[in-house]
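Below: one structure, written as structure tokens.
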Amino acid sequence: MCSGAEDAACAYMYGWAKAYDDANIRGISNPEDYLWWLDVETENSWSTDKVANAADLEGMTDYFESIGADVGIYSTSVQWGQIVGRVSADSSLAGLPSWLAGARTANGAKNNCSSAPLTPGGFVSVTQFVSRGFDYDYSCI
């Protein structure tokens, strides 16, 4: 139960509420039809508490899945490790597709398709590379 402290319980409720807002008050038609990518980058604001950060993302995931939407995680393995770290196999984050950023070339992005996913039971579905200042994506499926 969230008692107003900066802890995992309140972080979970925050994540749930933010996902609700994204799906319901931003004018999105049929939010359940989307694949929602959770952006996990050090440039965003995160707690220093990795457990709370994971709980925040679990709240978002659980809300989106409650409406029938799909969820994935966009990050690099380094940033994921700094912000969330390892999650357990019983976390709602387990099994989600990973969109791995960080490659510098198309070939590097292609090779990243064989990288470890961000969560247990997950899989790498998309990778990203930057060329001449633009982001490009590579489908692994």
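Reckoned from all heavy atoms, side chains included, excluding hydrogens, waters and symmetry mates. All residue numbers refer to positions in the sequence shown, counting from 1.
- Applying the disulfide bond (SG atoms under 2.5 Å apart) test to residues at least two apart or on different chains, the pairs with a partner in residues 82-117 are Cys113-Cys140.
- Residues satisfying the salt bridge (charged side-chain N to carboxylate O under 4.0 Å, His left out) test with Arg104, not counting sequence neighbours, are none.
- Qualifying ring-ring contact (aromatic ring centres under 6.0 Å, His included) partners for Phe129, counting only residues two or more places apart in sequence or in other chains: Tyr136.
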Inset, instruction - Kindly indicate, with the supporting measurements, whether the criterion side-chain contact (heavy atoms from CB on, under 4.5 Å) is fulfilled by Lys110 and Thr127. - result: CA-CA 7 Å; Lys110 181 179 180 180; Thr127 58; over 6 Å; no
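- The CD atom of Gln79 lies 10.0 Å from the CG atom of Leu118; values are rounded to the nearest 0.5 Å.
- To the nearest 0.5 Å, the span separating OH on Tyr63 from CG on Asp21 amounts to 9.5 Å.
- To the nearest 0.5 Å, atoms CG (Asn112) and OG (Ser98) are separated by 11.5 Å.
- When only modelled atom types and interatomic distance are considered, Tyr74 and Gln128 share a side-chain donor-acceptor pair under 3.5 Å.
- Within the model, atoms CD of Gln82 and CD of Glu41 stand 12.0 Å from one another, a figure rounded to the nearest 0.5 Å.
- At most 12 non-hydrogen atoms from other residues, nucleotides or ligands lie less than 6.0 angstrom from OH of Tyr14.
- Residues Val126 and Tyr138 have side chains not in contact (no heavy-atom distance under 4.5 Å, counting atoms from C-beta outward).
- When side chains are defined from C-beta on, Phe64 counts as touching Asp22, because their heavy atoms get closer than 4.5 Å.
- Hydrophobic clustering (side-chain heavy atoms under 4.5 Å, transitive across Ile, Leu, Val, Met, Phe, Trp, Tyr) groups Trp46 together with Leu93.
- Distance check, rounded to the nearest 0.5 Å: CG of Leu100 to CG of Asp137 gives 11.0 Å.
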Side-chain atoms of residues 47-61: list all donor-acceptor pairs with protein atoms under 3.5 Å, sequence neighbours left out, distances to 0.1 Å.
residue : atom : partner : partner atom : Å
Ser47   : OG   : Asp49   : N            : 2.9
Asp49   : OD1  : Val51   : N            : 3.0
Asp49   : OD1  : Ala52   : N            : 3.2
Lys50   : NZ   : Gly81   : O            : 2.9
Asn53   : OD1  : Ser47   : N            : 3.1
Asn53   : ND2  : Ser47   : O            : 2.9
Asn53   : ND2  : Ile83   : O            : 2.8
Glu58   : OE2  : Ser91   : OG           : 2.6
Thr61   : OG1  : Leu57   : O            : 2.9

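- In terms of heavy atoms, Ala103 sits closest to Gly108 at CB-C, 3.7 Å.
- In this structure Asp62 satisfies the salt bridge (charged side-chain N to carboxylate O under 4.0 Å, His left out) test with no other residue, sequence neighbours excluded.
- Closest approach of Asp39 and Asn44 over heavy atoms only: O-ND2, 3.3 Å.
- Counted by atom type alone, Thr105 and Asn107 present zero donor-acceptor pairs between their side chains at under 3.5 Å.
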Legend entry - Intermediate values then yes/no, side-chain contact (heavy atoms from CB on, under 4.5 Å), Trp99 and Val124: CA-CA 6 Å; Trp99 177 358; Val124 178; over 6 Å; no
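- Side-chain contact between Trp37 and Pro97 is present, with at least one heavy-atom pair separated by less than 4.5 Å.
- Residues passing the side chain to side chain contact (heavy atoms under 4.5 Å, CB included) test with Pro31 are Ala23, Ile28, Trp36, Ile67, sequence neighbours excluded.
- Side chain of Asp7 to backbone of Cys10: a donor-acceptor contact under 3.5 angstrom is found.
- We find the OG-CG distance between Ser125 and Asp70 to be 10.5 Å, quoted to the nearest 0.5 Å.
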